[in-house]
Amino acid sequence: MTTIRAIRGMNDILPEESVAWQYLESAIAAVLDSYGYGEIRLPIVEQTALFRRSIGEVTDIVEKEMYSFDDRNGESLTLRPEGTAGCVRAAIQNSLLGVPQRLWYSGPMFRYERPQKGRQRQFHQVGAEAFGIATPDIDAELILLSARLWRLLGVADHVQLQINSIGSSGARQAYRTALVDYLTGHREALDEDSQRRLQSNPLRILDSKHPGTREILADAPVLTDYLDAESRADFARLGELLQAASVPYVVNPQLVRGLDYYNKTVFEWVTDKLGAQGTICAGGRYDGLVEQLGGKPTPGVGFALGKERLVLLLEALAVAPPVPAAADIYVVNAGTAAEVAAVAALETLRDALPALRIVQHTGGGSFRSQLKKADKSGARWALIWGEDEVASGTVTVKSLREQGPQESMVVADLPNYLAQHSAP
RNA sequence: GUGGCCGUAGCUCACCUGGUAGAGCACCGGAUUGUGACUCCGGAGGUAGCGGGUUCAAGACCCGUCGGCCACCCCA
C-alpha cells in the first residue's frame, strides 16, 4: 500500500514548530492592534478574474503559478496567490471605503513554484492594508509598525529597509520606454530571461541576478530621473518621516515589484540570513487598484510579510522561545480504582487551577513505566495514586525536578498545596 | 520550467574499490514487593524511496521515476 504524502511544497507545522509560529503571530497581532488596524478574515478561494485583473496578466504568478480550477457550476476559481486583491474586493463589497480604513489579515497563500528554502507552494502571509489615505505619512506608518515588529521579535539588527518610488503610471511609461531603448541596444549581452522580458515586463529586468545583465544595468537610465513631481515630493517626505522616527533605510533605485498594481512608494525588508529568499516583508502603494476592481477611486498602500521566512529568521537568530515542557503535572495512576480516584480529583483540581497543564497517564503500565513517562514529559510534579492512596483517600506529590521527600496529603488539600508551590 | 547534491531502522549516519545490513540516540522490557533521571542487561524495529538494467552476485554501478535540499527563476 502506497502511503499518501502531503502535496509537494505544502508542509505540516508540527507542535514543536508551532511554538515559534504562535510567538510570531501574537507579536504581529499585538503590533497591528496597537496601531489601530482591524483584522479582516477573507476567503481562501476567489474568482480567478480577481487575480487576473489585479496582479497583472503578464506576471509569472498569473501566467504559471496559480492553482485554478472550475467550480461545479463551471466558474473558474483560484486559491489566492496573495492577499491584497481579496482584501480590496472585500473592502469594496462591504462598503468599507467611505472612510480611511486600516485592515490586516493572515493566512495561507498558494503558488505553484519549485520549493526551496523560504519558498513553498502553500505559504503563510500577514498583510496590512490602509485605504483612503493618499499622503506618504501612511506609507511611513506602515513601515514604522513593521520596524516595531522587528524590534519586538528581536530581529531588527539583521534586517534592512530598502525603499524606492516607481512613480505614477505615466512616469513609469516614460521610464519603461527609455529603459527598453537602452537595453535593446545591448540586447545580445542580456540573459535569455531578460531578453524575453524586454517585451513582457521590462522593469523586472532591473532585479535580475545575471552578472552580464547587471553589468549592462549599471549604465541604464535610472527610474528616479523620470519620476513625476508628486511622486518625487512624496518620496522625499517619506524619507524625512523615516529619519524623524530613526528608522534607517537605503534607497534602492532598482527596487521594483512583481505585481502590476503598485505605484509610487515601494519598500522591502531584506535579510542576509536566509539564503536566496531574503525578503521577509514587502509592499507599496497601489492607488489605482480599488478603481481597477470596480470601487470608487481610493488610494491604498500595504505590505505582506512571509511567516515561514520570519520563523526561519527567528530560528537562525535563536530568538524564538524555547519549546515548553509538555506538562506541569503528570499523573501516575495504577489500577482501575486509582484511575477512578484520580479522574475525580483531577477535575476538581482543573477547576481550581485552570492554568496548570495536567496530563493523566493513560494506557496502563507499571509504576515504573509511568514514572518514566512523567520524567520524559518534563513535568515539574508527578501525582501518584495507587492502592495505598485510594485506601486512605490521599494523593502523593513527588517533585521531579528537585531533590526532596515526596509528600502525601488528603486529596482535598491538593489544590491549595499546588497553588502555594506553583510560584517559580 | 532549468541545474547541482542527496534518498539505508522513528532520528543522525556508517557499510572503504559490488559478496546478501550496522552504530549512536529514541522506543519497549528487566536489574527485590509501588517510584523517574545515572548505570547495566535484554528486546523490537529496515523487501536500502520505487521500477527496470548490468552481473554468478547490487544498498553500492547504469537508466528511469518519485521525493528531499540548495540554487536559477520568481517572490513574502
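Chain naming here is simple, since letters A, B, ... match the order of the sequence lines and numbering starts at 1 in each.
- For B:rC73, the OP1/OP2 oxygens have no side-chain nitrogen or oxygen of A:Lys64 closer than 4.0 Å.
- When heavy atoms are screened at a 4.0 angstrom cut-off, A:Glu268 is found touching no nucleic acid atom at all.
- Contact annotation: A:Arg401 does not reach the phosphate of B:rA37 (side-chain N/O to OP1 or OP2, under 4.0 Å).
- The residue A:Gln120 sits close to a base: some heavy atom pair falls under 4.0 Å.
- Counting distance only, with no hydrogens placed and no angle test, the side-chain atoms of A:Glu389 and the base atoms of B:rG34 include a donor-acceptor pair under 3.5 Å.
- Of the residues in residues 106-118 of chain A, those with a non-hydrogen atom less than 4.0 angstrom from any atom of RNA chain B are A:Arg111, A:Glu113, A:Arg114, A:Gln116, A:Lys117, A:Gly118.
- Atom C1' of nucleotide B:rU35 and atom NE2 of A:His361 are separated by 14 Å, given to the nearest angstrom.
- Between the side chain of A:Arg309 and the base of B:rC75, at least one donor-acceptor pair of N or O atoms lies under 3.5 Å.
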Interface polar pairs with nucleotides 40-49 of chain B, N/O, under 3.5 angstrom:
none

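- Residue A:Lys373 places at least one side-chain N or O under 4.0 Å from the OP1 or OP2 atom of B:rC28.
- Side-chain atoms of A:Gln406 and base atoms of B:rU35 include a donor and an acceptor less than 3.5 Å apart.
- The ring-ring contact (aromatic ring centres under 6.0 Å, His included) test applied to A:Trp385 returns no partner, not counting sequence neighbours.
- Pairs engaging residues 245-275 of chain A under the ring pair (Phe, Tyr, Trp, His ring centres under 6.0 Å) rule: A:Trp150-A:Trp269, A:Tyr261-A:Tyr286 [sequence neighbours left out].
- Note that A:Arg172 lies outside the cation-pi zone of A:Tyr226, set by a 6.0 Å cut-off to the ring centre and a 45° limit from the axis.
- Between A:Ile55 atom CD1 and A:Ile61 atom CD1 the span is 5.0 Å, to the nearest 0.5 Å.
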Task: Under the 3.5 Å Watson-Crick or G-U criterion, the dot-bracket string of RNA chain B, with | for inter-strand pairs - done: (((((((..((((.....[..)))).(((((.......))))).....(((((..]....))))))))))))....
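- The phosphate of B:rC72 (OP1 or OP2) has a side-chain N or O of A:Lys209 nearer than 4.0 angstrom.
- Side chains of A:Thr396 and A:Gln406: a donor-acceptor N/O pair is absent below 3.5 angstrom, by distance only.
- With sequence neighbours left out, the side-chain hydrogen bond (donor to acceptor under 3.5 Å, both in side chains) criterion links A:Asn263 to A:Asp287.
- Taking only side-chain atoms of A:Lys372, from C-beta outward, the nucleotide of B:rG34, B:rA76, B:rA37 with the closest atom is B:rA37.
- A centroid separation of 6.0 Å or more is found between the aromatic rings of A:His421 and A:Trp381.
- Base contact: A:Gln403 has a heavy atom under 4.0 Å from a base atom.
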